[in-house]
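Down below is the structure, laid out as structure tokens.
Numbered from 1 within each chain, the chains take letters A, B, ... in sequence-line order.
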Amino acid sequence: MELVFNAEATMLRDTMSRFIEREYSFQARKRRLVLPDGFCRDTWKSLAELGALAAALPVEAGGLGAGAMGTLIISEACGRGLIVEPYLATVVLGGGLLELAATSVHRPLLERLTEGSCLLAFAHSEPESESDFGGITTRAMETRAGFSLSGRKNAVIHGATADMLIVSACVGGAAADSTRLSLFLVDRRDSALQLRGYRTIDGLQAADIAFDGVTVPRAALLGEPGEARPVIDHVLARANAALCAEATGAMQSLLERTVAYLRTRQQFGQPLARFQALQHRMADMAMHVELARSMAYLVALQVDGVDATARERVVSAAKARVCIAASFVGKQAIQLHGGIGMTDALDVSHYFRRLTAITRTLGDEAFHLDRFAAATP
Amino acid sequence: MELVFNAEATMLRDTMSRFIEREYSFQARKRRLVLPDGFCRDTWKSLAELGALAAALPVEAGGLGAGAMGTLIISEACGRGLIVEPYLATVVLGGGLLELAATSVHRPLLERLTEGSCLLAFAHSEPESESDFGGITTRAMETRAGFSLSGRKNAVIHGATADMLIVSACVGGAAADSTRLSLFLVDRRDSALQLRGYRTIDGLQAADIAFDGVTVPRAALLGEPGEARPVIDHVLARANAALCAEATGAMQSLLERTVAYLRTRQQFGQPLARFQALQHRMADMAMHVELARSMAYLVALQVDGVDATARERVVSAAKARVCIAASFVGKQAIQLHGGIGMTDALDVSHYFRRLTAITRTLGDEAFHLDRFAAATP
Amino acid sequence: MLLELAPDDRAFRDEVRAFLRERLDPSLAKRVREHGRVSAAELVQWQKTLYRQGWFAPAWPTEWGGAAWPALRQYIFDEEYHAAAAPPVIAFGRDLLGPVLMKFGSDAQRQHYLPRILASDDWWCQGYSEPGAGSDLASLRTTAELRGDHYLINGQKTWTTLAQHANMMFCLVRTRSDGKKQEGISFILIDMATPGITVRPITLLDGEPEVNEVWFEDVVVPVANRIGDEGRGWTYAKHLLGHERTGIAGIGIAKREIDYLKELAASVRRHGRPLLEDREFRSRVARVEIELMALEMTNLRLLAAPPGSGPGWEVSMLKVRGTEILQEISELQLEVAGCSGLEVDAPGAARTRGAASARYLNLRKLSIFGGSNEIQRNIIAQQIVGG
Amino acid sequence: MLLELAPDDRAFRDEVRAFLRERLDPSLAKRVREHGRVSAAELVQWQKTLYRQGWFAPAWPTEWGGAAWPALRQYIFDEEYHAAAAPPVIAFGRDLLGPVLMKFGSDAQRQHYLPRILASDDWWCQGYSEPGAGSDLASLRTTAELRGDHYLINGQKTWTTLAQHANMMFCLVRTRSDGKKQEGISFILIDMATPGITVRPITLLDGEPEVNEVWFEDVVVPVANRIGDEGRGWTYAKHLLGHERTGIAGIGIAKREIDYLKELAASVRRHGRPLLEDREFRSRVARVEIELMALEMTNLRLLAAPPGSGPGWEVSMLKVRGTEILQEISELQLEVAGCSGLEVDAPGAARTRGAASARYLNLRKLSIFGGSNEIQRNIIAQQIVGG
């Protein structure tokens, strides 16, 4: 049991804390949001130099070998700093798929990823598959030169701002088996893509993408055709684990800000923190944060180490519990701040929006509660 | 819309209030609980003399014509006074069945009921039908002289202490249509009954009854054979309406006692009522009571006046809402009283137990929520 | 309606329905229903339509051009109005200033302002809240110094809803700073075009500039713009707060929102079936529907009860539970919208997929503004515990 | 266990399992699991079995006959113990008095009392609470007057758990009434057979006499029975409260109760199927299971963390959430039992159908006794808000 950070983990955590402190004030974040991409490629390079992009990857894949605990530490920092650069999309999802599905042919791409010079996004969810990320209908028809992709992907995180997309599809015609998925690398700048990018409430970027016979060479295929489903499930599990950690970081920040605000804000002649009803609310917030943190740890310890059934069960338990906490802590932070908490000018509302988005990303509370119950005897 | 009590209703309410004040102190109630039957037949006679037993019945059936509003007023008083005499079992259930199902042959029985000289109980629920009071399997085989009853009834309220039982059964053999029910009058003292009486947590009485070929004459049949289902549904709806009103009365008493206790009880140098967290708890209790009362009114206004579908919908909405309120108000009353609220010696725990029992009687929150959802477009 | 109506009330309801069917632009109603954007000009135009019908002020006495309907009729009107998805009236002038003018205003003030409110010729905003005051409204610090026939106003208001569209503000200002803080407050009407006033919109977490900061720098306001006596402004403003307000529970809006929620949930699939048919989801919707029934019945009981016969904390309960229900529904709508609902629709453009999250974020305000739900629970407890 | 164990911990767990399989009477375990009644004699007998195994005091140091297991082993033991439905130890002597004796008792006191606690030769009850004190424990009023070599004790204790079976009580008494109320309290051991002591059982809402009132009328107690210094009893008693307590969250019991809940729900039908297969019900059970996983993981993290590195309010959180979870499970069990579960089993007889309601009613105590959950939330808030 690795319930306490070891020396390497502590070092990584401190590195990330210093990075946030130095580079990621709320004002500095705002400046990144108004850049054309909505984030900063130089900052991404800095994260690469700190080793954050390579931290979780195994040593044999050119990484630092910190594994899921590394992802937890970095994601938690992303939550605390409300980092808008695409760590989840590029490293956890994109890097995870490359690590688990790719052959040595794609090793250079993984290297460019960890150097910070190639951004990835995972185009997987579809309008009809949104709530349970199953039932993929995008098709890849084999052609002489490679494949021709047709279908629609929506809410692709950082889909319009990445360099390369990894696209999930079933090989074959309309009757293809939708449980047998393949992965394809597609250049995001390919003019055949119909891509609509937009901003989401948390300040991040997403895109809806239509493929209408987009052709890719045979080398675009990532791993064995039809065998990608287990890899995708595993990577989505990791992404949910990362979201749990990120939410914990954001909640911790909200809790600290709320406590600090109530300590200073005077009403009816005393600090708000003296009012017992608000004290109990803070106590409940703190318990939610601590319990969510425990679930983020638990899932980090198990996401790569147990069989798929046990993994999905613990992932769903963690995500469901974190959603409950995120909703409570977020809403209470706004409520206890009063009007000022409602404003765009204060970071509190930004944390709240990111938490709200996390509760809607890769399965909500109801979805995960259901999946947990189905996997529990 | 009859949202405010008229003069007759106000008079009835005042009559009941005086009765409780005069006869139903907590100590006087305790003395009744230790009587052999667990309640007092003289008190029952007093209620008859006050007109409480006849209040809800139509004038043409020998009643006072106060209808469902009359039942609401008396039931609410039963809740406030924690009355242990069998108003629900005998008047709402038994009297309701006689009123709606019986022919003129049974008019004398209804008269004896309103005089307080004959106590009824409704033997309907069965071990397998408990949660949804459907699927009756008790059978009535026609014989030369009348019928022979076989089956098991359980949790029959006041089943061991009533004079007469009204028993639901399907006429015919094992293949009989269980949706086509009939009602039979059975003498509770019939030595062929296997009857196990017991006390329930609220101080009331119940019984499990086995019928193993109990014979009854043809005259025991109440109404048309096979046609009792609509009558039973209607009477069960009225009983749930009565339970809503009773719960409202009990909650009102608990709220008042809790407020009074927190006003006087000193902790850390001031009355508990000064602590904001407890103030908000009281505010939530009060809102629950008020909302439950509204539902009790709503269902009383509609239980006899709308078609069966609309009736079941509103009954289930009311009962589900009242269960939620009863659970919250009951638990908080105990919690806010602290240790003393846990004791048998204080009336608070008795109100709590009655409320707990109400939430388990004739369908719980989950059952009614489900039925409401199914009946709502 | 939860309960059956008497024949004449039914006729009234049919008349309201017919009017809304004929005069309310369906495309506007669709936008209201789907949480789209409605412009200030459209609002004013619609309010003038109501005015021409004589229905802009259902609660006002007839002598001032109101409909003077009894409470139940107002309730019926409200229900039909929101069922038809008519845009909510900007009610600061009508509901908040109007009654104060009628009771405490001078003849001249009433004759000038009341008809203009009725015809939506003025757009009023409310200048009560200040930074630093929060729920402790009476600790306000904007000063009005008497200088002969005018006041000189300095200070700052905040959370001023839609002040960017308003040409008039009714305002609480401090005319004396010694003594109890509730004393020394005066009630003043300010023309927003007066020099020295700066309005700065505050962007809220849904991206909309719904509220404003308003700065006063040596703003000259004639003494004739003061309502009633100097120093009694707090009393005038409070006059309203205890009043029964038919609409505060938001029953009509909540009913429409539940309908809309169900429509959305019927069009989304989960486990291969419409989400609305999912038992667990349906059971959560049922809870809110039942909660709303209970609140509506409570509201109706209060309307039917003789004045002053209630428990005394009705309005607080209606506010608390009404806002909690609306927030709950918006959360369910957000759940139905899924991750697509996280899209931010470009400012000023038509709303598409981002409506659910914009609404959810915006409605956080309900439990904060208008007396936070914590303050309301304090009030309820104080009334229950008593002296 | 939530996490995989190291091989030696696994071996330890297997040893505990084997012991419980061999030595725990299955019919007793069945009664514990099904919330049946267990007699005082059965409890003592079982505790002596644990004692003979050397496992009665997992946390005590070996010099006093404890097992001195590290925290994780204690946790593993606890989990296996409750999974096997062994009866809960009456732990006042072992967990509350024992550590105080070890730290503050005299050699004579330790040598006399500790072995007797270990062997369950004494049944200790705790005399802290008094009527009128409630959560404000320090306002106690039972007096101990020094009269040469003995104290004369007068006053009343209440909520004294199982005092009717106890032969000894450790007790807080007031030896001085001036000054701060926490000062002037002394910690005294009392033989329950001393003349002047009256024990009166209090029937609780489940019909059981689980707690007692204890009256003292001129009860003579030797000064030698005082622990440590006069006036420092509060400090001694408090010493324990901040301590990490492995078992306070009740994880092992809650796991067993969830298993039992599922077993019950699988045997009851709703809508023609086992209730356990009902999605809406199953989803409510899942919520509690997840809540329990989160609390268990929190507990494990705290056990693994270096002492003093936690947020400082761990014990309060474990108490609050642990008791809320147990109450929630008992409420679900009551729901499964349905109206049949309302039956009251005759006092002293075996429990049948009434077990679910008796349990539900009894567990109301969890959020009240041992520092009410309101007090625990106060503590958490104070630690968060800080100075």
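The most heavy-atom pairs under 4.5 Å with chain D, out of B/Glu365, B/Arg360, B/His337, come from B/Arg360. Of all the listed residues (D/Asp206, D/Leu204, D/Thr203, D/Val211), the one sharing the greatest number of non-hydrogen pairs under 4.5 Å with chain B is D/Leu204.
A heavy-atom distance below 4.5 Å is not found between the side chains of D/Leu205 and B/Asp344. With contacts defined as side-chain heavy-atom distances shorter than 4.5 Å, the pair B/Arg199/D/Glu343 does not qualify. A heavy-atom distance below 4.5 Å is found between the side chains of B/Met342 and D/Ile368. Between D/Leu342 and B/Leu204 there is no side-chain heavy-atom pair separated by less than 4.5 Å. You'll find the side chain of D/Arg364 reaches within 4.5 Å of the side chain of B/Phe352, heavy atoms only.
Heavy atoms from other residues, nucleotides or ligands lying under 6.0 Å from CZ of B/Arg152 number 12 at most. Within a 6.0 Å radius of CZ in B/Arg274, other residues, nucleotides and ligands contribute 12 heavy atoms or fewer. Under a cut-off of 6.0 angstrom, the local environment of CZ in D/Arg141 is sparse, with at most 12 non-hydrogen atoms contributed by other residues, nucleotides or ligands.
For a residue to count as touching a neighbouring chain, one of its non-hydrogen atoms must lie under 4.5 Å from one of that chain's; by this rule B/Ala357 touches chain D with backbone and side chain alike. In this structure, chain B has a heavy atom under 4.5 Å from the side chain of D/Ile202, while its backbone stays farther away. Using a 4.5 Å cut-off between heavy atoms, D/Ile375 contacts chain B through its side chain alone, with no backbone atom that close. Only the backbone of D/Asn362 comes within contact range of chain B, judged by heavy atoms closer than 4.5 Å. Looking at B/Leu278, the atoms closer than 4.5 Å to chain D (heavy atoms on both sides) all sit in the side chain, from C-beta outward. Only the side chain of D/Ser357 comes within contact range of chain B, with at least one heavy atom under 4.5 Å from a heavy atom of that chain. No part of B/Asp202 comes within reach of chain D, as not one of its non-hydrogen atoms sits under 4.5 angstrom from that chain. Neither the backbone nor the side chain of D/Phe281 comes within less than 4.5 Å of any heavy atom in chain B. Interface remark: D/Arg284 contributes side-chain atoms only to the contact with chain B (heavy atom separation under 4.5 Å). Proximity to chain D is limited to the side chain of B/Ser327, based on heavy atoms less than 4.5 angstrom apart.
Going from atom OG1 of B/Thr356 over to atom CG of D/Leu361 covers 6.0 Å, rounded to the nearest 0.5 Å. From B/Phe268, atom CZ reaches atom CG of D/Asn378 across 7.5 Å, with rounding to the nearest 0.5 Å. Atom CD of residue D/Glu213 and atom OG1 of residue B/Thr343 lie 9.0 Å apart, to the nearest 0.5 angstrom. From B/Lys331, atom NZ reaches atom OH of D/Tyr360 across 4.5 Å, with rounding to the nearest 0.5 Å. Note: D/Thr158 OG1 to B/Ile340 CD1 = 7.5 Å, rounded to the nearest 0.5 Å. The CD atom of D/Glu280 lies 7.0 Å from the CG atom of B/Asp370; values are rounded to the nearest 0.5 Å.
Of all residues in residues 321-334 of chain D, those placing a non-hydrogen atom less than 4.5 angstrom from a non-hydrogen atom of chain B are D/Glu331, D/Leu334.
Under a 3.5 Å cut-off, the side chain of B/Gln335 and the backbone N or O of D/Ser367 do form a donor-acceptor pair.
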Intermediate values then yes/no, side-chain contact (heavy atoms from CB on, under 4.5 Å), D/Glu374 and B/Phe275: CA-CA 11 Å; D/Glu374 285 81 9; B/Phe275 289 88; over 6 Å; no
